[in-house]
Amino acid sequence: MKKNASKADIVSVAKLAGVSPATVSRAINHPDMVSPKTRKRIDTAIRNSGYIRNRAAQAMHGKRSATIGLVVPTVNYAIFADVVQSFNDEVSAHGFTLLLASHGYDLSLEYNVIRKLLEHRVDGVALIGLDHSPDSLLLLKKQQVPSLAIWNYSPESELSCIGVDNAEAGRCAAEHLLVLGHRRVGLVFPPTAENDRARTRLDAARRTLAAAGVEIAEEWCAETLYSLSQSKSVCTGILGRSSQPTALLCGNDIIAQGAVYAALRLGISVPRDLSIIGIGDFPGSSDMEPTLTTVRIPARRIGAAAARHMVTAISHGDPQAVTRMQLDVELMMRATTAPPRQP
């Protein structure tokens with residue numbers, strides 16, 4: 001089979017559609033300026049010719065690439081699935097393509113990921129959380145590209161931010177256990193060194209419990225990665241001791257699910273003998289048995305609001321302007337928490 005001598009270009013598309021190259025360009029970049037009938041002919045010509053416009057060349061000439069970069073810590077779990085999906089749906093509706101990248105909870109790698117996205121001339125960069133290296137923040141500032149922190153809110157954020165106050169989430173979870181009457185509380189969280197979400201939640205939970213006079217036994221506290229198997233193993237170790245907590249406050253729903261499985265493995269009844277609360281309200285938390293009590297982070301609303309902000313910043317905004325938006329967390333009372341069993 002003969003190979004085509006060259007790839008289709010805008011001129012060949014114009015010939016197939018019977019219009020000028022300028023009309024093809026308008027149909028691609030400003031479709032509202034071209035009649036539906038003409039757009040249909042051009043679309044057919046593009047499909048038949050296999051034409052792909054060179055966005056890199058457009059970007060080199062000062063035009064937008066119509067791409068937005070989103071950097072997440074991980075794509076392995078459901079933690080960020082809803083926020084990524086809603087962000088993608090919203091930017092796609094405005095004609096942008098999402099470029100998704102991950103740094104594996106290593107902020108030194110995040111810097112390299114951001115550089116790669118900027119080399120591809122993305123029109124904006126969205127990051128998860130507020131922990132970022134000085135080099136990453138300086139790079140975004142120097143490039144004057146619209147940038148945004150998703151998931152977390154802080155009134156002192158250096159970047160524009162749209163999300164929740166994670167201290168409120170940790171406080172809400174702790175207060176729920178206190179209201180139920182728990183005073184023997186364990187804390188199981190992910191590593192906090194480069195994770196401001198986990199660190200802020202944990203600090204707030206500890207302060208709330210301490211203010212109520214609760215002394216937290218260190219043998220009831222542990223770190224675990226975002227892994228069902230590891231969190232199950234870690235919680236099995238806590239619950240297998242002779243002295244046990246009556247409640248576990250977990251840094252996210254994945255860890256809380258692992259705690260439920262650990263309790264079931266040891267024959268501990270949830271919530272009769274042990275209450276468990278998570279943070280996040282991830283997909284599946286309301287469907288497991290027993291259904292998981294958790295503090296909801298409104299991921300889809302955060303993603304959609306962040307996407308709308310990004311599109312506006314790219315199209316009309318000042319890339320150096322800082323916008324901060326806080327969304328509320330919500331306690332989802334389900335079947336894994338109850339008052340402690342009376343001795």
Side-chain angles (χ1 to χ4, degrees), residues 79 166-190 197-198 200-224 226-297 329-343:
I79 302 170
N166 279 277
E168 184 183 355
R171 185 167 54 250
C172 180
E175 287 176 347
H176 175 63
L177 296 178
L178 290 171
V179 167
L180 290 174
H182 291 279
R183 295 297 182 270
R184 297 164 61 84
V185 180
L187 301 170
V188 188
F189 274 71
R197 283 90 56 206
T200 305
R201 293 172 189 174
L202 178 58
D203 289 346
R206 283 187 175 275
R207 287 195 305 270
T208 302
L209 293 168
V214 174
E215 294 185 13
I216 304 168
E218 287 307 310
E219 61 265 28
W220 297 341
C221 300
E223 273 192 359
T224 175
Y226 294 90
S227 161
L228 277 176
S229 60
Q230 184 169 342
S231 58
K232 177 183 176 181
S233 175
V234 165
C235 292
T236 298
I238 293 173
L239 300 176
R241 297 175 181 273
S242 57
S243 175
Q244 298 176 357
T246 63
L248 287 179
L249 195 165
C250 301
N252 61 55
D253 283 11
I254 290 175
I255 295 174
Q257 290 171 17
V260 171
Y261 297 145
L264 293 175
R265 178 182 181 183
L266 295 172
I268 297 171
S269 174
V270 177
R272 187 185 65 177
D273 299 320
L274 175 71
S275 286
I276 297 171
I277 185 169
I279 297 176
D281 198 22
F282 299 157
S285 292
S286 62
D287 298 316
M288 60 183 290
E289 291 295 340
T291 55
L292 183 67
T293 296
T294 186
V295 178
R296 172 178 288 173
I297 307 294
V329 300
E330 181 183 2
L331 176 65
M332 308 303 295
M333 291 185 289
R334 297 189 181 121
T336 59
T337 53
R341 188 178 182 183
Q342 296 303 315

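Numbers for residues simply follow the sequence, beginning at 1. Hydrogens, waters and symmetry mates play no part in the numbers below; they use all other heavy atoms, side chains included.
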*Check for a donor-acceptor pair, side chain of Glu330 on one end and backbone N or O of Arg296 on the other, with a separation under 3.5 Å.*
no

_Residue pair Leu266 / Gly240: nearest heavy atoms and the distance that separates them_ = CD1-N, 4.0 Å

*Would Leu228 and Lys232 satisfy side chain to side chain contact (heavy atoms under 4.5 Å, CB included), going step by step from the backbone distance to the final call?*
CA-CA 6 Å; Leu228 277 176; Lys232 177 183 176 181; over 6 Å; no

*At their closest point, which heavy atom of Pro245 faces which heavy atom of Gly186, and how far apart are they?*
CB-N, 3.8 Å

*Provide the closest heavy-atom pair for Leu202 versus Leu187 in the form atom of the first, atom of the second, distance.*
CD1-CD1, 3.9 Å

*Validation row: Val270, Leu264 side chains within 4.5 angstrom (heavy atoms)*: no

*Test side chain to side chain contact (heavy atoms under 4.5 Å, CB included) on Val188 and Ser231 and set out the steps.*
CA-CA 8 Å; Val188 188; Ser231 58; 5.7 Å; no

_Gap separating the CG atom of Leu292 from the OG1 atom of Thr337, nearest 0.5 angstrom_ = 8.5 Å

*Main-chain N/O of Ile279 paired with Asn252 side-chain donor or acceptor, under 3.5 Å*: no

*What are the two closest heavy atoms between Ala222 and Ile238, and how far apart are they?*
CB-CD1, 3.9 Å

*How long is the gap from CD on Gln244 to CG on Leu239, to the nearest 0.5 Å?*
6.0 Å

*Determine yes or no for a side-chain-to-main-chain donor-acceptor pair under 3.5 angstrom, with Thr293 supplying the side chain and Met333 the backbone.*
no

*Within the distance-only criterion (no hydrogens, no angle test), does the side chain of Thr294 pair as donor or acceptor with the backbone N or O of Ile277 below 3.5 angstrom?*
no

*Under-4.0 Å salt bridge between Glu219 and Arg184*: no

*Please determine which of Thr224, Ile254, Ile255 meets the side-chain contact (heavy atoms from CB on, under 4.5 Å) test together with Pro190.*
Ile255

*asked:* With a 4.5 Å cut-off on side-chain heavy atoms, are Leu249 and Phe189 touching?
replied: yes

*Spacing of CG belonging to Leu178 relative to OG1 belonging to Thr208, to within rounding of 0.5 Å*: 7.5 Å

*State, to 0.1 Å, how close Leu248 and Cys235 come at their nearest heavy-atom pair, and which atoms those are.*
CD1-SG, 4.3 Å

*How many angstroms lie between atom CD1 of Ile216 and atom CZ of Arg206, to the nearest 0.5 angstrom?*
5.0 Å

*In Å, rounded to the nearest 0.5 Å, how long is the span from CZ of Arg341 to CG of Leu274?*
12.5 Å

*Answer whether the closest heavy-atom distance between the side chains of Arg334 and Pro290 falls below 4.5 Å.*
no

*Below 4.5 Å, heavy atoms only, C-beta onward: do Ser243 and Trp220 meet side chain to side chain?*
yes

_Donor-acceptor contact below 3.5 Å, side chain Ser233 vs main chain Ser229_ = no

*Kindly give the heavy-atom pair with the smallest separation between Ser285 and Asp253, and that separation in Å.*
OG-OD2, 2.6 Å

*Hey, does Ile297 have a side-chain heavy atom less than 4.5 Å from the side chain of Val329?*
yes

*Straight-line distance of Leu177 CG to His182 NE2, nearest 0.5 Å*: 6.0 Å

*asked:* Evaluate Asn166 against Arg197 for side chain to side chain donor-acceptor pair (under 3.5 Å), listing each step before the verdict.
replied: CA-CA 6 Å; Asn166 279 277; Arg197 283 90 56 206; over 6 Å; no

